[in-house]
Structure formats: C-alpha cells, structure tokens
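Inspection log for the structure reproduced underneath, given as structure tokens.
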Amino acid sequence: MNGTIDIGLVVDRRPLITCAGELEVFSSIEDNLAQALPQDSCEWRRSMGRPIRNVHIGANFTPYSSKALPKGTQWDLIRQPLFHIYWTECTDVDIYKSTLRDDIDGWLKELNAKDITDWLVVVVENYDGKRTNKLLPRTTVLDKIRADFAPKQGDRCISVINPGKLESRSADSWRGLVSRIRHLLLVSYAKAVARLEDYVRQQRERRNEIGWNFMQYFQLQEELAQVLEMLGLNDEALVQYDELDALLSQFVANGITSECVNWLGEFQKPLERWHGLKLGPSSLSKTPSILELRAYLYAKQAQMLLLTNKVWEMASRCLPFLHTCTRELAILEIKAPPGAVACWLFLASMEVLQTCDKFNHADEVEEYSLHTACLWEYASQKLKYLGDLCGLMPGGEPTSDQLHTVVGLSAGMGDNPGPANSPSPTDKLKSALIHQDVFNKTYLELAELAMGTYKHIGRLRSARLVGREVASFYMSLGQHQKSAAFLGDLLRTFEQDGWQELAAQTHLELAECYKKAGDVGKLIRSCASVSSAHEIDNIIRWTYFDEMTRHAESLDKSLAVPFENIVKIVSVNVLNDENVIMLDTKVHVELVLESNLPRELVCEKVDMSLEAVENKETSKSNEKYCKGRSLSSKDLKPRDPMLQRLKIQRNLDYKQDKQLASAGIVSKFTELRRKDSTQQVCSSEFAHALEANKLPLRLSPGLNVIRLSKLADETGKFYLGQVALHVGKLAFVSATLPHRLAIEVKEEKPTLQLNKRTPTLISGVEQLMNIILTVGSHPIDPKSTIKLTSSRGLSFQIGADRPLATTLEFEVGAKPAYSSSRYALRVLADMLGKEHHVTVAAPWAAKPTAVTLNFTPPLTAAWRLHSARHRKWVQVSLTGQCEQGLTVREAKLDVAGVCEVDGKNASSSHLIPNGMTFSFMWELLIKPGADSPTIKAEFSVSYKLDEDSEERPYRYFFDINDYQTLYLLDADVEPAKGSEFCRVGAVCQLRLAIAQTRASRERSLMYEVLAEQSVWAVCGRTAGVVGFDGSELERPQTVALDVMPLASGHLPLPLVRISKYIPAEAGNDKHGKGDTHPRLEPFSPGQVYNASKGKQIHVITPVSDGHPT
Amino acid sequence: MVIMSRSTSKFDTKKVNSELVTLTYGALVAQMVKDLENTDDVSKQLERLGYNMGIRLIEDFLAKTNTGRCFDLKDTADKIQTAFKMYLGVQPNVSNWSAAGDEFSFILDSNPLTDLVELPDDLKSLKYCNLICGAIRGALEMVQLDVQSWIVQDQLKGDQNTEIRVKFIRRLEDAMPAGEE
Amino acid sequence: MAVCVAIIGKDNSPKFFACLNPDEELSFQYKVLSSLDVVEEKLSAGNKAGSDLRELYLGMLYSLETHKIYGYVTNTKIKFIIIVDSTNMVLRDNEIRSMFRKIHSEYADIVSNPFYTPGEQICSKPFLNNIRNIMTGTV
Amino acid sequence: MSDDALFDFLHSEIVNYVLERNQSQNKDAKDEDLSNIEYIGFSTGYRMIERLTKEMPRFKDELETMKFICTDFWSAIYKKQIDNLRTNHQGVYVLQDNAFKFLTRLSSGKQYLEVAPRYVSFTCGIIRGSLANLNINCLVTAEVQNMPSCKFHIQVQRT
C-alpha cells in the first residue's frame, strides 16, 4: 500500500498501526481502510501556536504483538507502532461477557503498562436477513465495552457496519470510523512528532560538544523533514533542510577550530567522485564527501521547491549554492584532481537548468530566466575552463597528459546516461571533453543561451560581456568577422554608458581582431582610437600610432575616420570682421583642435567644408544662427539639459485700466530636450572648403591652433560644416558643426547712372547730364566699353570738343573696386518729341537698358484773330516753360506776302518768367472786300535762357482762314413807344440790324437771341431767318423782337448770334442725297463783326405809382 | 489637493539652515567667478557684499542680544565672537592681540562657509570667505568703529585653521553716516 | 574591508572608481558595469512593486565565486557599488549598509562644493582618501 | 546658525548683486533679466536636495516628490509649508505659499508688486534645481498677485 506523493521518499514514514482481536474481521476491511485514510485531509493542531495545517495521513498496519510495543514516551516513537486498534464483530452480549471482555482487558493492560493511550476498539456489525425481523437488544456489546473500558472517553469505542455488505446503510458508519481513526491517529502522531522535535532541538544544543557528529544529527533532523514531507507539508520540510544547510555552512565557515568539530575532518579526504547533483530521487551514502552531502541537501531543497511549484527559486538558489561549495572545498582544503570541481559545477548547473526546462511553465519563464541566465553563463565559463585545461581550445591539440586528465575526469563523473533523445549533462560533458568540435559546439551553444537569456530579461550589459568571451573564442577559432561583431556591440555598450577605459580596452581587442582579419580600414580606425586613449599605457599607444601611420601609407583608396575621441574641436572662430564677405575676398577661420594622439601627426591637407544654405532655411535661421562668430567647447559638447541655465525674466501683467494685475517671472526658454550629440560623418563633401594656410600641418599632441582661409569665389550663404585632416589617403573627419556659424558671400555689380543736372530737360537747348559709373565689389576689365545709343532727335557727346552724335562708346578704363567716376554728357533734343530714349549697353549687363528722358520745349505759343468792322489783328501769346525766365526778342510775323502786317510791340525784347504769358500784336493790313486766301503765318522769335547762352530761334506756324468780314451785325434796345426809359419788367424792343458787306453765296442766315435768363426775358420769338438777295450791300435788314429786362442798371444787350442757314431743299447740290432738314453752319471768327458787343442799356426801376403802361 | 499645514520639518532645521547658507553662498561665489574674469575683483565684491550685510546684521544682532555699545576693542571682540556663534554656529578664539592692543585675530578651526569647498587651481588666490571680513567692517562701522579686516590664514589654502585679522583704525563721529567705502 | 568602490552617475558612466589593488581595477570595472543591469532591474521592480524597494540600499546585486557585489542608489539616481571578497565573512549586511551611508554623505559633500560641476569625474584628493578609509574600515 | 537672518540678508545681497550687474551691462530694465538669481537658486537647490534626501527612502513617484517639496523641504527652508498644492496630473503643479518669506518683508498690497519678481526668482531656481537632481526635468515660474502670497508653477518636461 503506498501513499500519494512519495516521489523520492527513501524511508516510508507512515505511522504504524497494530491490530488486535479478530484479525480476520480487520483483514476484510484493511484495504478499504488503508485507502480511505489518506484520502481526506484532516486538521493538524500543534503546540507552540504553530498554524493549524490540513494534512493527509496514511498508515501501515501490523498485527499486534506485546513484545513490539514501544514505550509511550520514546522520542523515536515515530518509527514505532503508535496506534492500536482492537477489532471484534461480536454482537452477543453473553459471548462478550464470557470471553471477549477478558481479551480486551488483557490487551489494554499491556498498553497501559507501556502507558500508551492511543487505542481504539472497533465493533464490526454484520447484518444479515435472519436478524432483521428481530427487535434490537436493549444493550449492545458496544455499550458494554464502553461501560467497561472507556466510561469517560466514549470516542475510544466505535461500531461500524461492515462495509462489505449493504453499502448504502453502512456508508455513514464507515465514514465515521475512518475519520475517527484518522483523528485519533493524528493526535498520537502529533505527540510523536513533538517528541522528535524536542529531541532534535536537544541534539542541536549539544552541537559544540565533543563527539557530536553532524551526520548523525543530519539524519535525525532529516527524519523530521521526511515526516513533514509525508504529511504533505513540503514547505516545512524545506525549512528543516534549510536549517541543516545553514548549520553546515556555519560550521565550515568557522573551520576546524577545536576538536569539537573533528567530524569536519571526515569531509577533508580527497575528492574521488564528482557526479553532480543527482536531482530527483536520491539517497545519501553513509560517508558522503562534502560535495555529495551538499548535492544531496540541494537536491532535497530543490525537490521541496518543485513540489511547491517554485522552479524559479530552485534556480535562484543554485549559483549561490555552487559558490558556497567551491568556497567550502577551499576552506576544507579538499584535494581534487584539476578540473574535477569544474566538472561537478558544470554538471550541477546543467542539471538545474535541465530541470528548469522540464518544469518550465510558460508563466514562470520570466521569473526563472532571471536566474537561469547567469547559470548558463556560469556553465559556459566552467566548460571553457575545462577546455583550457584539457587542451580543447581551438588551435590547440590535447597533450597526452591532457588526454589523461580527461579520462580521469570522465571516470569521476560516473555514469548518468539520459534518454537517447536528450543526453544527460554527464553525457554532454563527456563527449565535449573528448571531441574538440563537440566542445566548441557545446561552448558556443551555452554562451549563446546565456546571451539570449540575458537579453530576454533585459540585462544587456551582462549579455555583451558574455559576448566578449565569445568574441575571444571566435578569435581563436579564426572567425574574426564574428568576433568583431561581438566586440562592436560591446564597444557600443561601453560608449553608451560612457565607460572610456573599457571602451579603450575593447578598441585594443578590436584592433587585434582587424589585424588578424586583415581589414586595413577598420584596423587603422581602431589603431587611431587605441593610440588616442589616455587610459592605455603610452608605449602601447605609440606602437598603435605607428601601426596606424604605417597602414595609412599603404592605403590604396581613401578612408575616412571620424574624429570621435581622437581629435576634439575646441573652438572655431570666424576672423573676418563681418559675417558678410565680399566676393573675391578671403574668409579667415581660426580652428583650435585638441589632438589625443600620442605623437605628432603630419597632415598634407586640412580643410573645413562649407555647406551651402538652402534659401528657405536662411529666412528663418538668419536670426537664430548667423549671429554667432565663434563656437567654443561649451557649444560643441552636448550639455546636460538638467544643468541648463534658463533665461528668466520679470513679467508684469496689466489690467485694462493700466493697473498692475500680477507680477511674476517667466522663462523665455522653450525646449529642455537633450540635443543629440551623434552626428553622421562625411555627410558634407569638401567641394567648397577652407584650407589651412600652412601645410603640411604638424598636428602635435594637445592643443593646436590652425588658421584656415579661402577665397570667397562664389556668392551665397554657407555654414561651416566639417573639419578634415588628410594624411595620405587617410582622412580624419569631424562631425558636422552645429549650424551656428554661417558666412555670407556677396558681390556688388557695377552700376551706370544717367543723371540730370537740372530739374527739367529742355528740348532745343544743349544741356549737360552726368554719367556716373560705380565699380562694384570687383574691378571691371579696363578695356570693356559702354555704348550709348539715342532715339531720333536726340544727340549727345562726352567732352566739350567732339561733335554731338547719336551713338557713343567709351572705355571704362582702369577703375578700382567701389570707385565711382563721373562723365559729363552733352545732350541736345529737338523740340518735336517730348520723350527721348538713351539705350545703354554695358558688358556686365545681360541686355542693354533703355533710359527715358523727358524734354520740355522752352516756351509755347498760341494765336488769335481779332476784328473791328473790316480791320483785322493777329495776337500771338508766348508762355514761358523754363524756371529761369527766358528773354525773347525780334518777334516776327511772316504772312507770306498776302498782305502787310503792322507789328505793335514786336521790336522790343521781353523777359518771360516761367508760366507767364506775353502777347505780340500785328494788324493785317488787308483791303475790305478783297477775297481772303489762306494765310500761312509763321511766327518767329529768338530767345535765350540766360545771358551767356547764345540765342536760338523759336518758330510757330499757323494758318489764318476766312478772315474777311461778311456781315455786320448791330443791335439796340429801345423803350416801348411813349416811354423814354427802359424799365424793369416793361417790354422793350430789341432791334437787330444785319448788313451784308459783300456778295456771298449765302442767301439767308439765321439769327438767335441768346439772352441771359436772369437779365433778359425774350418775349415771343427768339430766332428767325433773314434772307439777302445781294442786291443792295451795306443796307441792313432789321428785325424787332420783344424783350423785357429783369434787372435794373446798365445791362449788356442780349447776345445775338447769326449762322449760315442752309434750307432743306438746297442741300442736295452738296451731298448726293437730299437733305430733309435745314442746317445751320457757323461763321468763322473773322466773318461776322458784331458791333453790339460791349453795348449797354440803362434800365431803371419800374415807376412806384402803378399807372398802367 | 490641499495639504494640511504641519509646519514641523523632519529635518534638523539648524543644520539645514547652516547648509542652506553655505550652499547659497557657494552658488553666489561661483556665479561671480563666472561673471568677473578677475579673481581679485571677486574677492573685492565678496568683501563689499559682506559689508552690506554687516551693516544690516548689526541691528539684528543688537536687537536679539539687546546689548549696548561696546566699551573697548576687547569687548567688541567678544561681541563679534558671540555673533560668530549666533550666525555661523562656530565659536572662534580671539587671540594674537597686538602689543598696542589695536589689532587681534579670530581663529576658526572650522568654518561652515568653507568646510565643503575645494578651490580649483585657477582660483587659488580667491579670498573665498572675504564676506566675513566685510561683514565685520560693516557691522563695526555702524557702531562708529572704523576697522580693517583681512584673512591671514585660510583652511582653503591648506592652513591649519582660518585666521581673520581685525585692525582698529579710528572711532567715527556719531554724526558721520555709514557710507560706502 | 571592501576591495572596490565605484560611484556611477545618472547617466551610468563611472564618476569615481577606487580599488585597494589598482591592478584589479579593470576587471572590477567589468563587474561593476554588469551590476548596473541588476540595479536597473531592482529599481524598475521597485517601481512596480511599490513600497518594497524604498530603501536606498539594494543589498547584494549578485555574487561570483570570488566576489560579492552590493548596490545602493541615491534618490538622485547616483549609484554606489561596493565589491567585497566572497571569502570575507566579517562584513555582514549591516556593515555594508553603513559603508554605503558613509560613502553617500561623502558624495553629498563633494556635490556641495560650489566648484564641482555635477556629473563630472570626481578627482578630489581628500575625497579619495575618505573613501579609502571607508573601504578599509578605518572610519 | 541660530536663525535665518543671515540667509535673508544673503538672499537680498544676491538680488542686489545681480541687478547691479545687469545695470552695469545695461540690460533693458523693462523685463528684468533674473536668470542669474534663478541659477544661483538652481545650483543651491540641486546641491541641497542631495543632502536632504540622504536619509530618506526612495520616492514612489512624481507626486510624492512634489508633496515632499511642499512639506518637509519647504519647511526646512522657509519654516512653513506650502499652503496649497494643485496638479492637473499631467505634469503641471501649482504651489501656493500664502505668506512667502521673501515677500513678507516687503509691505504687502500692490505697491511693491513690480519688484516682487526679484524676490521669487531664487526660490524658483531652488525648486527647479532640487527637482532636476531628482530627475524631474521641469520649468518653474512664479506669479504674485497680492503679496505676500505667491504661486509657483512647475511644468514637468516630458521628453
């Protein structure tokens, strides 16, 4: 019969129960009972306020024998029968009285003699058909037994219906029995455990006494542990093992100080076996080695942990445990063949790892990965150690001694074969120690697992450090690329965390690696890094420096190496006075470099790139960046934003009423982000670059001040970009400087201006203008010529002597930059056009440009014809146009001999100020009646602008037509008959007299009275036609019209106009088609003389007495 | 959320206060060093600052200790000594009296202002605790004592202890207002 | 007696490193660096779990056959690392803890020097001496 | 140091020094440049917190840190606590001190409001410095409406 959870239980710790009485009765139910007992848990109450635990308890049954009875107070009761049951199926009271009673009595007496109190009497009742109809007896055997033996503790006697029959009815009583036994058994068992615990305690107290032996004590306490385990209290069992663990550690740590601990000496014998842990079911030999003892202890603890589902804790305890072991081996000075311990440690860690895998629950992977990672690493280290020891490392060949060692080690490992598909750690190790390739494979496998697990749990650094081991392994394997990859990761980690020294070391390793790999480029790079690492010893730095330079010479294609820590930019200064630099001038920059190289570096070329700035960027960046004239180390090294100075200002808030609402401080600072220091290298190309003035440049260790310059040969805006130091094909290239330093290159084009000297240009007069030539940022070719071309009517010339021309070319001649020179240009424009053009063609201008010049004539003229009856006058009036008044003389009017002219004021000379008008008068002496051909009149006068300028003629042409008088018109206003005065409001007579002075084609003409409405009211008709037959000249026709003055005083007569009247029918002779309407045609000014012009009539106010008129 | 006002600090306020002054002063000096390129200017500034503080401290001091006028230099020295204790929490020894009795020294074996300070090499000439000299001068000027005060020994320069010398110049007329130097 | 004391900045770079035996410094640097993994682990775990990791002293970070490595992180995220010989049975948790306390106050004093820029390497001679004394337990 | 008179005087000397220096460099007086006062406070706070948190358990979170600033830290420096702390739980905290030490000396009311900023800058710096060293990167400004009450605004930079 076996319990439920006895994995690896070496000793069966189930309590013994003796059976007395009618054994056949018992045997019929033994099996049921044995199974039933552990099925349900039962509360275990313990002394010393320990928590109540539910436990499962099983039992072993043995027949009762008085000789086997232990003393009820023995400490090791646990190993003895500790519960006793008397079985009977007697139901007949008489039989009981006769025999049974004495038997039970004897049994009990024996128990009491050993003062055993844990017993039970069971009466099994068998019901069968023949009994049923009978009445039950008044008192049963059970009652009797109770009365006789257990008057007080009734629970010591119990009856049960034989479960073999009539299940249904018996079930309850059966359950009753089982739980009764369970309970009583546990009570007694608890007593036993308590006694054991006391004993253990006593023993521990005596641990410093002579003769005390750990192993004995060990077994004792383990017994306790086993008991707890049996009860399913794995955690408490673990506590027992942990106590043993601690105790042992304590002893060993203190070492053999007195003979009290002589037993420790037992463990000091040389090591013969290194089997590993043997996790799972295991037993301990009588005289174990310290390792075996330790292994056993750990195995036990592991088991308890597994049973309580604490895989991760098992893992977590492993490494410290292994460390303890190695330490204790050392303390106890235990001799072991080289590698033996390593083997054991390897096996141990591997076993634990395997177990972890076996018990791997997805949800716990995280937890135990935390602890397995370092185990993988540990195992790999141990294996590597063994590899070294046995000459298995790549490139090596095991010597015969080493082969021997291997044999020895394998032997010591013992055999622990795993299933075919999954070899046990022992199998693995053995084959690894024999076959080099297996060794390599296994080692790398473990290392990879270590790294993988580390990464998985986020321990990147640890992973990288394993990588370092792996790298060196690959190195010896000759797989330099792989090795380099791992070292690269390592380096990155170190640099990220800012561990310069480690980084330097890694550079060293990398250098070696690249050397082996023959990767010159990378080799040079890491040589540079090594030689510039202050953490490294100078001699080494020098050698690597030389190595670097040596390889640099042998480079076949160019190689760029970033500055990084090799060279540092300390400061950059733009030396020009302004950031705006003129084309073709030099840009000067001072660069301070700090070289960390251990020796002088000779650079054939040093340049600093200029990056053209995109326009869109400039617009905004202008403000931000271009102010800066220098960068200091402060700007260059990324500052810790946590330590930033902020721009803090006072801030006052005012209300509408200008009252201060609140005062405070604000920060003008916006972003507190850390600006990324990592910049891509070789981004900009060095097409436009500043170059060092003195070459070759000897870059000495420490600070170097370098002057760079460049001729600004391209306009635009440029940032100072990167610095490059060239050594042969090798170039050290800095990161791009923060875009703070910008240089703007500008050029100024030459210009040509044509300037008036006077506010206005006057046509017809020669005047001087200025040509101003300004040379820009760079001089013009002296030979280059400027060509002026004029529009019609305009001519010019440079220099007084040469004649005016319409085109003009002249050479610029040697002129320094920014000089400006002035030429006097004589210009003369005729008076025909007001607007003239000069077209300028200059070599620097893409196409010629036309300049418009506006000329105004010096004066303007107008004319009028005046008549008096038949006499005629011409008036010409001149208006001055130039600000300084001009003087005119010798006015002439030439009428081409049509008639004589008589100038009234022509002879004298006159000054006509600007805008003023002056008139000349001539009478045309013509005969009345003569016909009037058109007169082509030419007015001429000579004028000059000022005294010294010579006179020039001014001509004015005009035609005079129809100047002979045809009609004389006169008008009068007379009072109505009977009154001698014209009165306001009284009708008067307007008498018109129109006389024809010469025969003319017009037969009739129309007159119109155009009276001023406010002055005259015309009563009746206002217009009429009069006809002439041309028979009698000079005899006027008269017309009378009624008009009424509306105002008093001397009034001008109503104006009368006459026009030619062309009747409707008379039209057809002119145009082809007949004219249905009559037409009026005006006379030209000279043809009608109106004598009434200027006449006035005196009108008086109406008479006050309203006497009718 | 609102905090109930429990105005007892978990810290030893005395200590905190002393550290606060020390650190604030340190920060100020650092700022000055940044502002003024010349170290001596910094020392001068510190003395001036001390002076300004002195002329205010003295009132506070007299009020708190309600002592009157000093009778003589000895008395003055003792009063300053208590002032040290009061404001810097250290009790300097008064010693090295000159024969004429017009000059004496305060000897501090520890100086909270400088205890945590290490002068960088480029500032070795800085008179870090010139503030104290200034304060003494300012304070005494308010009680009509014109004195000079300067640092003789300085722990910052590796001396055993810090010695501040005070030299009596003359007694000022009561009428004379305490003006800037 | 500690064999190595390291002070690691907020940025995880070493600000101070002292070893009893200078020859060991390099190997210790590797150990300290990898211990940072554990420090970070514990801190983040502390954040998750909340109160359980409020103490500045982190206890043993990890152990090797030869050494034990202990950690301490200030409120200002400065890490102190102490390495102890694993054979050293004298130094119990409490001794280590008090060592850290002393180192911490030394550090606080260094930071209080107005001429020390936080985050820079600590190269003050007196500081070095004080730390050495703490390591060797002479204070 | 028996009392904080010394600290007060030192503080006002700092204000004077910085302002005088501004003048000498003729910075514009309208929006006074208080950067240097703030920075002196900053580096004081940065160092101070290193000392104050020596014996303290690790802060649970940002809020706990702020509470510390308002209570223990404040009363250590100003002998009183912040009267009111508000937050939007998105990194903005407003600390209100109804009787801010450096303002109590100025006569209350509006008349000296214009100069008030000089006397709060240092403290803004202290706060920023302390938090910076506690790895809380923030911007600290202040607002005074009627003295001697002062509001400090902390804006945590999440980057």
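All heavy atoms count here, side chains included; hydrogens, waters and symmetry mates do not. Owing to the predicted nature of the structure, the values given are computational and were not obtained by experimental measurement.
Below 30°, between 30° and 60°, or above 60°: for B:F106 and B:F104 the angle between ring planes is above 60°, a perpendicular geometry. The aromatic rings of D:F100 and D:F152 lie perpendicular to each other, with more than 60° between the two planes, well past the 30° mark.
Sequence neighbours left out, the pairs with a member in residues 100-116 of chain B that pass side chain to side chain donor-acceptor pair (under 3.5 Å) are B:S98-B:D102, B:E103-B:R165, B:S105-B:E163, B:S105-B:R165.
The stretch residues 116-124 of chain D places D:F122 near chain B, each with some heavy atom under 4.5 Å from a heavy atom of that chain. Listed by sequence position, B:T24, B:Y25, B:A27, B:L28, B:Q31, B:M32 are the residues of residues 24-34 of chain B in contact with chain D, using a 4.5 angstrom heavy-atom cutoff.
Of all the listed residues (D:I14, D:I40, D:I126, D:D8), the one sharing the greatest number of non-hydrogen pairs under 4.5 Å with chain B is D:I40.
Only the side chain of D:R51 comes within contact range of chain B, with at least one heavy atom under 4.5 Å from a heavy atom of that chain. Residue D:I37 does not touch chain B at all, counting heavy-atom pairs closer than 4.5 Å. Heavy atoms of D:F68 lying under 4.5 Å from chain B belong exclusively to its side chain. Contact of D:E50 with chain B is not made at all, since no heavy-atom distance falls under 4.5 Å.
Not one N or O on the side chain of B:D159 forms a donor-acceptor pair closer than 3.5 Å with the backbone of B:T162.
Across every non-hydrogen atom of B:S43 and B:N130, the tightest pair is O-ND2, 3.2 Å. Smallest separation of non-hydrogen atoms from B:L36 and B:Q45: CD1-CG, 3.8 Å. The two residues D:A5 and B:K64 make their nearest non-hydrogen contact at CB-NZ, 3.9 Å.
With rounding to the nearest 0.5 Å, the separation of CG in B:D12 from CD in B:E19 is 8.5 Å.
Residues D:Q96 and D:N98 have side chains that bring a donor and an acceptor to within less than 3.5 angstrom of each other.
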### Message
Does D:T53 form a side-chain hydrogen bond (donor to acceptor under 3.5 Å, both in side chains) with D:R58? I'd like the steps, not just the answer.
### Response
CA-CA 8 Å; D:T53 58; D:R58 192 163 281 112; over 6 Å; no
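Taking the salt bridge (charged side-chain N to carboxylate O under 4.0 Å, His left out) definition, one finds that B:K74 meets it with nothing, sequence neighbours left out.
Using a 4.0 Å cut-off between charged side-chain N and carboxylate O, D:E13 and B:R48 make no salt bridge.
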